[in-house]
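Notes follow the structure.
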Amino acid sequence: MANATELKLGQKLNEGKTKQIFELVDEPGHVLVQSKDQITAGNAVRKDQMEGKAAIANKTTSCVFKLLQDAGFKTAFVRQHSETAFVASRCEMIPIEWVCRRIATGSFLKRNPGVKEGYRFTPLKMEMFFKDDANNDPQWSEEQLLAAGFELAGLTIGRCEVDIMSKSTVAIFEVLEKAWATQDCTLVDMKIEFGVNVTTKEIVLADVIDNDSWRLWPAGDRSQQKDKQVYRDLKEVTPEAMQMVKRNFEWVAERVKLLLESQVKGRVVVLMGSTSDVAHCEKIRKACGSYGIPCHLRVNSAHKGPDETLRIKAEYEGDGVPTIFVAVAGRSNGLGPVMSGNTAYPVINCPPITPDWGAQDIWSSLRMPSGLGCSTVLSPEAAAQFAAQILGLNDHLVWVKLRASMLNTWISLKQADKKLQECSL
């Protein structure tokens, strides 16, 4: 076990077909997840050793969880420890596999005769399966899951928790689908698992997400599939066939690193009419930072220096970086209209509203001459979010942060509602 001597391992907590989990003596609440060089199919009816698989699987999982954590999803992943192991928060696992499908294939077709392979699910199709190898992991309904009344780490899995896992599964799939699309690769379907963090008592994405967890079709072409289905489909397991399977797994592990890189990096340029607006503009810059978007602050008045306004505009248009201009000007807003009339880039008005003439001043941002397309957003944070939504159309790393933020807002409301109901009872 590479680098295992750096950590003091306690008892083995669990061992599955492809990994072992060890208690960490010096890190209470954490475990070591150690991958194996074993590949299986059909509940281990077929199983083989594949040298190097542990390192490939660990690299894939670590990259995927880093992408999700950076986006803002709650996961059990803490850090990659070695080539073949990572450290995670200790969880009590919920014995359900959540499966999300974009394209109909595999077992779905067997269970739903008449549906043609390639049928596209919009919205996504979600299913759940109870982890029970002896009974081939039977499909469950939400009602069965609720009736089971699982209690894990002191948390009862009820309506609120089931809804959180359901919504999270869809959001996680959409994020990974968006990320894989940057590599011209279709995420066909995926399975994930959740656990209850024994320390925080929160439901978090747990276990692993590697090439056993999904179907990937480069260019949307099943004949080019790179996932474990290639192994499942083998008529005979030969050394040559296993080398082909390994090459596919290596292809995925190399490409998955690219999911952490932005394909098109954009920026926001905030133009303020006066330094008295700096505090307002700093709120925009801080909010942009939460989406990983660079934000530049500049000072200029379109009324007092229109030539300089256009020079600054040209400076940012000339390097080819996708740019959103935000005009911050009180009283009579000339910045937004002048910028909008002289650039093809998006312009957002975000005027600082004062208590004296604010109600009147806002009209200079709202009522534009014909031919101008700048929008007006009053909240600095909302202006940054609007800019992020525009840039996120072409930058998946911005988009995934927006998607995770939507989910986390929904979860907060769901949990608040649960607490309120408990108090009422």
Side-chain angles (χ1 to χ4, degrees), residues 72 262 265-393 395 397-398 401-402 405-406 408-409:
S262 177
K265 194 70 173 178
R267 68 185 166 210
V268 169
V269 176
V270 179
L271 295 170
M272 69 188 88
S274 166
T275 53
S276 62
D277 300 328
V278 166
H280 187 83
C281 296
E282 285 291 356
K283 293 178 182 178
I284 299 174
R285 177 153 66 180
K286 181 179 179 181
C288 285
S290 68
Y291 299 111
I293 301 171
C295 181
H296 303 178
L297 303 187
R298 304 294 296 267
V299 183
N300 182 250
S301 169
H303 290 113
K304 302 169 186 177
D307 55 337
E308 181 63 11
T309 298
L310 297 180
R311 190 202 66 77
I312 292 173
K313 172 197 72 76
E315 176 185 333
Y316 289 101
E317 287 179 323
D319 59 7
V321 177
T323 302
I324 313 293
F325 291 107
V326 179
V328 176
R331 297 189 180 180
S332 177
N333 175 18
L335 267 176
V338 168
M339 289 294 292
S340 182
N342 289 276
T343 183
Y345 286 179
V347 177
I348 303 170
N349 290 319
C350 187
I353 303 302
T354 57
D356 49 4
W357 285 87
Q360 288 74 32
D361 293 341
I362 191 65
W363 288 106
S364 64
S365 295
L366 290 175
R367 189 161 171 78
M368 296 283 104
S370 62
L372 303 186
C374 48
S375 60
T376 297
V377 182
L378 300 184
S379 161
E381 293 78 12
Q385 181 178 343
F386 185 27
Q389 288 169 331
I390 297 171
L391 293 173
L393 293 171
D395 186 339
L397 293 185
V398 174
K401 290 178 185 292
L402 289 163
S405 177
M406 286 171 53
N408 290 333
T409 298

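Residue numbers count from 1 along this sequence.
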Handout entry: Distance-only polar pair, side chains of Glu317 and Thr343, donor-acceptor under 3.5 Å
Key = yes

Practice task
Check His303 against Ser332 and note the closest heavy-atom contact, atom names and distance.
Solution key: CE1-O, 3.0 Å

Exercise for the section: Please tell me if the side chains of Arg267 and Asp319 come closer than 4.5 Å, counting only heavy atoms from C-beta onward. Expected result: yes

Handout entry: Rounded distance (nearest 0.5 Å) linking atom OG of Ser301 with atom CD of Glu308
Key = 11.0 Å

Problem - Phe386 side chain near Ser375 side chain, heavy-atom distance below 4.5 Å - result: yes

Practice task
Compute whether any side-chain donor of one residue and acceptor of the other, for Asp361 and Asn333, lie under 3.5 angstrom apart.
Solution key: no

Practice task
Step by step, work out the side-chain contact (heavy atoms from CB on, under 4.5 Å) result for Glu282 and Leu297.
Solution key: CA-CA 8 Å; Glu282 285 291 356; Leu297 303 187; 3.7 Å; yes

Completion exercise
Closest non-hydrogen atoms of Ser365 and Thr376, given as atom of the first, atom of the second and distance, are O-OG1, 2.8 Å

Fill in the blank from the handout: The reported gap from CD1 in Ile348 to SG in Cys374 (rounded to nearest 0.5 angstrom) is 10.0 Å

Exercise for the section: Could you tell me whether a side-chain N or O of Ser340 sits under 3.5 Å from a main-chain N or O of Val338, the two making a donor and an acceptor? Expected result: no

Exercise for the section: Could you walk me through whether Ile284 and Val326 pass the side-chain contact (heavy atoms from CB on, under 4.5 Å) test, one step at a time? Expected result: CA-CA 9 Å; Ile284 299 174; Val326 179; 3.9 Å; yes

Practice task
For the residue pair Tyr345 and Met339, establish whether any side-chain heavy-atom pair is separated by less than 4.5 Å.
Solution key: no

Practice task
Decide side-chain contact (heavy atoms from CB on, under 4.5 Å) for Thr323 and Val268; before the verdict, give the C-alpha distance in whole Å, the side-chain angles of both, and the deciding distance to 0.1 Å.
Solution key: CA-CA 6 Å; Thr323 302; Val268 169; over 6 Å; no

Exercise for the section: List the atom of Gly336, the atom of Val347, and the distance in Å for their closest heavy-atom pair. Expected result: O-CG1, 3.9 Å

Exercise for the section: Considering non-hydrogen atoms only, spot the tightest contact between Val270 and Cys295 and give its length. Expected result: CG2-SG, 3.7 Å

Exercise for the section: Could you check Asn349 against Met368 for side-chain contact (heavy atoms from CB on, under 4.5 Å), going step by step and ending with a plain yes or no? Expected result: CA-CA 11 Å; Asn349 290 319; Met368 296 283 104; 4.2 Å; yes

Problem - Minimal non-hydrogen separation, Asn300 against Gly305, with atom names - result: OD1-O, 3.4 Å

Handout entry: Approximate separation, where rounding is to 0.5 Å, of Cys350 SG and Leu271 CG
Key = 12.5 Å

Exercise for the section: Kindly compute the distance separating CD1 (Ile390) from CG (Asp395), expressed to the nearest 0.5 Å. Expected result: 13.5 Å

Practice task
Working to the nearest 0.5 Å, report the span between CZ of Arg331 and OG1 of Thr354.
Solution key: 8.0 Å

Exercise for the section: If the plane angle is over 60° it's perpendicular, under 30° parallel, otherwise tilted; pick one for Tyr316 and His296. Expected result: tilted

Practice task
Taking all non-hydrogen atoms of both residues into account, name the closest pair between Ala387 and Ile324 and its distance.
Solution key: CB-CG2, 4.0 Å

Fill in the blank from the handout: OG of Ser274 to CE of Met272, rounded to nearest 0.5 Å, is 9.0 Å

Practice task
Measure the shortest side-chain to side-chain distance between Lys265 and Pro294 over non-hydrogen atoms and say whether it is less than 4.5 angstrom.
Solution key: yes

Practice task
Decide yes or no for Ile353 and Ile362: does some side-chain heavy atom of the first lie under 4.5 Å from some side-chain heavy atom of the second?
Solution key: yes

